[in-house]
Amino acid sequence: MGYIHCCGGLRKTKSFVLSPTGNFVVCELDFLTKCPVCGHTVLQLTRIDDKDNISTIRYVNKSARKNFEKFKSKILYERRYYDYSRYSGGRFYLNYNEFGVKKRCYSNLSTLKIGLCSNS
């Protein structure tokens with residue numbers, strides 16, 4: 001997921017990778033369907049050539065929608081990023097039985113005493 005600067009803030013966009021044409025090595029397309037502040041449709045095309053020169057082209061509203069339809073045939077795949085920060089903890093826990101009492105072990109497996117018999 002890419003970002004486009006619009007209306008004084010960064011807005012999340014759909015990010016696509018295009019097949020490079022000409023002497024460009026990398027071509028990426030960011031598409032913002034509707035800015036939450038101004039309501040504009042924004043398309044930004046970023047290209048890098050073999051000499052590491054970056055060129056960006058930005059289209060707004062009607063020309064953005066028209067050019068997005070034109071670039072649809074050149075899209076290789078949509079770039080999706082997985083947010084690992086949202087899933088910091090696991091949802092799995094281990095049920096074990098210690099002296100006849102069913103317990104749950106969440107993280108510390110080194111302190112487990114499975115199979116102990118009480119000698120009282």
Side-chain angles (χ1 to χ4, degrees):
M1 181 170 292
Y3 293 95
I4 289 180
H5 192 270
C6 185
C7 298
L10 292 175
R11 312 292 177 208
K12 289 184 180 179
T13 62
K14 286 188 174 182
S15 184
F16 300 98
V17 175
L18 302 176
S19 59
T21 58
N23 61 347
F24 294 106
V25 179
V26 176
C27 294
E28 291 188 1
L29 178 108
D30 292 319
F31 186 67
L32 177 65
T33 55
K34 184 179 179 182
C35 177
V37 177
C38 63
H40 287 168
T41 302
V42 182
L43 180 132
Q44 183 171 329
L45 179 66
T46 306
R47 301 178 297 183
I48 302 173
D49 63 358
D50 53 354
K51 298 175 185 172
D52 291 336
N53 296 324
I54 298 174
S55 66
T56 59
I57 303 171
R58 186 177 174 106
Y59 300 102
V60 182
N61 290 334
K62 187 178 179 182
S63 63
R65 289 186 287 271
K66 183 181 77 171
N67 284 312
F68 183 70
E69 293 298 321
K70 186 175 89 171
F71 288 127
K72 267 188 178 179
S73 63
K74 297 178 183 178
I75 292 176
L76 296 177
Y77 59 91
E78 180 179 354
R79 179 170 286 173
R80 294 188 181 184
Y81 296 102
Y82 186 74
D83 188 13
Y84 289 102
S85 64
R86 288 180 32 202
Y87 304 106
S88 61
R91 295 182 180 93
F92 172 77
Y93 58 86
L94 176 65
N95 286 324
Y96 71 99
N97 194 349
E98 183 179 17
F99 305 118
V101 179
K102 192 172 186 180
K103 296 184 178 181
R104 291 183 177 178
C105 174
Y106 290 99
S107 62
N108 196 358
L109 296 176
S110 63
T111 61
L112 278 178
K113 298 175 184 174
I114 297 176
L116 288 179
C117 297
S118 61
N119 293 336
S120 51

**OP:** Looking only at non-hydrogen atoms, find the nearest pair between S15 and G2 and report the distance.
**Re:** CB-N, 3.8 Å
Original post:
How far apart are the C-alpha atoms of R11 and Y3, what are their side-chain angles, what is the distance that settles it, and do they pass the side chain to side chain contact (heavy atoms under 4.5 Å, CB included) test?
Top reply: CA-CA 5 Å; R11 312 292 177 208; Y3 293 95; over 6 Å; no
Original post:
Roughly how far, to the nearest 0.5 Å, is NZ of K72 from CG of L29?
Top reply: 11.0 Å
Original post:
When clusters are formed by joining ILVMFWY residues with side-chain heavy atoms under 4.5 Å apart, either directly or through shared neighbours, do I4 and I57 land in the same one?
Top reply: no
**OP:** Using the side chain to side chain contact (heavy atoms under 4.5 Å, CB included) rule, take L43 and F31 through it: C-alpha gap first, then chi angles, then the decisive distance, then the call.
**Re:** CA-CA 5 Å; L43 180 132; F31 186 67; 3.7 Å; yes
Subject >> CG on N61 to SG on C38, rounded to 0.5 Å >> reply: 8.0 Å
Original post:
Is L10 reachable from L32 through a run of hydrophobic residues whose side-chain heavy atoms are each under 4.5 Å from the next?
Top reply: no
**OP:** Find the distance between CZ (R58) and OG1 (T46) and round it off to the nearest 0.5 Å.
**Re:** 10.0 Å
Original post:
Which pairs, with at least one residue in residues 41-57 and sequence neighbours excluded, count as a salt bridge (charged side-chain N to carboxylate O under 4.0 Å, His left out)?
Top reply: none
**OP:** Could you check if a side-chain atom of L18 sits within less than 4.5 angstrom of a side-chain atom of L45, using non-hydrogen atoms only?
**Re:** yes
**OP:** Go through the steps to decide whether Q44 and C6 satisfy the test side chain to side chain contact (heavy atoms under 4.5 Å, CB included), and finish with yes or no.
**Re:** CA-CA 11 Å; Q44 183 171 329; C6 185; over 6 Å; no
**OP:** Taking the side chain as every heavy atom from C-beta outward, state whether L76 and S19 have any atom pair closer than 4.5 Å.
**Re:** yes
**OP:** Just jot down the side-chain hydrogen bond (donor to acceptor under 3.5 Å, both in side chains) partners of T41, sequence neighbours excluded, or say none.
**Re:** R65
